[in-house]
2 protein chains.
Amino acid sequence: MKLTSRSEYALLALVFLARSDSAHHISVETIARAQNIPPKFLEQIMLALKHGKYVHSVKGQRGGYRLAKAPDKISLAEVIRLFDGALAPTESVSKYFYETTPIEKEKNLLRVFRQVRDQVAEILETTTIADVV
Amino acid sequence: MKLTSRSEYALLALVFLARSDSAHHISVETIARAQNIPPKFLEQIMLALKHGKYVHSVKGQRGGYRLAKAPDKISLAEVIRLFDGALAPTESVSKYFYETTPIEKEKNLLRVFRQVRDQVAEILETTTIADVV
DNA sequence: CATATTCCTAGTAAAGTAGTAGGAATAATA
DNA sequence: TATTATTCCTACTACTTTACTAGGAATATG
């Protein structure tokens with residue numbers, strides 16, 4: 001279970017926004033400084049979060065971002081999925097296994113992989129940004 | 001949670017050996033054909049398993065591999081660790097988080113990551129090759 | 001001596017990762 | 001109106017990892 005920097009930075013940014021006064025918008029610069037994230041990189045990440053409808057943006061001076069959903073409506077799982085692709089579907093837990101093995105024979109191994117996936121998903125689906133704030 | 005092909009192939013090879021008659025040794029060629037693994041790649045993997053003391057080998061004609069431990073003494077976790085490095089220590093779950101973030105502030109996020117790690121570890125540590133066979 | 005095997009090292013092509021660079025669009029402000 | 005602060009968007013790049021392949025030395029068996 002390894003997260004990419006993208007999804008970690010995304011979570012950190014969302015958490016920061018959730019903690020901020022939702023009245024005004026917050027710039028990438030501000031978030032980047034607070035959470036210690038490379039600003040230009042965070043710019044990309046915020047853009048993706050915007051496209052994913054997790055944040056709202058306003059351009060221009062005094063512009064920036066704010067959450068587009070209530071923090072308790074954003075699970076860690078969906079954010080991680082947005083950046084790292086599928087969270088842990090069986091195919092991702094076990095890509096080569098699926099592609100190359102006569103599965104009938106090794107379905108016990110498969111069962112364990114699925115169990116892992118389910119446990120990870122369970123935790124990340126049920127934990128929200130609000131829980132972290 | 002994504003396994004590399006190496007650790008999946010290693011597990012498949014060990015499972016195959018565990019199911020085989022332990023009296024004689026089994027060649028890479030045989031395992032590779034049975035489990036549909038690129039033979040030269042499997043060669044490397046078997047070598048690593050040998051260095052990790054999971055299998056025993058005999059060179060030359062009629063040579064090959066056999067398990068060096070009882071199948072119920074080999075957990076999936078240790079095999080995966082051998083190939084994919086740390087299974088899911090907190091640092092790996094959350095590399096950038098650790099390196100770049102004032103952790104004090106985001107220790108709730110950290111707690112979730114740890115919870116995921118622990119769950120994954122729990123399953124993989126307690127499941128052995130014997131359970132899969 | 002031929003053959004079947006493990007042992008070991010090096011190389012390689014493709015993909016993924018973590019960024020950087022730079023400029024267009026837009027909104028507030030001086 | 002000009003400047004400035006911001007988002008928006010695309011392209012690029014350096015690095016690492018991944019999944020192999022190649023080839024030959026060592027060694028045991030027939």
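Each chain gets a letter, A, B and so on, in the order the sequences are listed, and its residues count up from 1.
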A:His51 side chain near D:dC8 phosphate (N/O to OP1/OP2, under 4.0 Å) | no
Between B:Tyr9 and D:dC20, does any side-chain N or O lie under 4.0 Å from OP1 or OP2?
-> yes
Choosing from [options], which nucleotide comes nearest the side chain of [X]?
X       : options               : result
B:Glu43 : D:dT21, C:dC7, D:dT7  : C:dC7
A:Lys59 : C:dT26, C:dA21, C:dC8 : C:dT26
A:Leu47 : D:dC8, D:dA22, D:dT6  : D:dC8
B:Gln61 : D:dA5, C:dT6, D:dG30  : D:dG30
B:Lys40 : C:dC8, D:dG23, C:dT20 : D:dG23
B:Thr4  : C:dT20, D:dC8, D:dT18 : D:dT18
A:Ser5  : C:dG19, D:dC8, C:dC8  : C:dG19
B:Tyr65 : C:dT6, D:dC8, D:dA19  : C:dT6

Taking [atom1] from [X] and [atom2] from [N], how many angstroms apart are they, rounded to a whole number?
X       : N      : atom1 : atom2 : value
B:Glu29 : C:dC7  : CD    : P     : 15 Å
B:Ile45 : C:dC8  : CD1   : P     : 16 Å
A:His25 : C:dT26 : NE2   : C1'   : 14 Å
B:Arg66 : C:dT5  : CZ    : P     : 17 Å
B:Leu3  : D:dA19 : CG    : P     : 10 Å
B:Leu42 : C:dT5  : CG    : P     : 14 Å
A:Asn36 : C:dA18 : CG    : P     : 16 Å
A:Phe41 : D:dA11 : CZ    : P     : 18 Å

Looking only at heavy atoms, which two atoms of A:Asp84 and A:Ser7 are closest? And how far apart?
-> OD2-OG, 3.1 Å
Carboxylate-amine/guanidinium proximity below 4.0 Å for B:Arg19 and A:Glu106 = yes
Check: B:Glu78 side chain, B:Ser75 main-chain N or O, donor-acceptor pair, under 3.5 Å |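 Present.
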Examine distances only and state if a side-chain atom of A:Thr30 and a backbone atom of A:Ile26 form a donor-acceptor pair shorter than 3.5 Å.
-> no
Side-chain-base donor-acceptor pair under 3.5 Å for A:Gln44 and D:dT7 = no
Would you indicate what B:His56 reaches in the nucleic acid, counting non-hydrogen atoms under 4.0 angstrom: base, sugar-phosphate, or nothing?
-> nothing
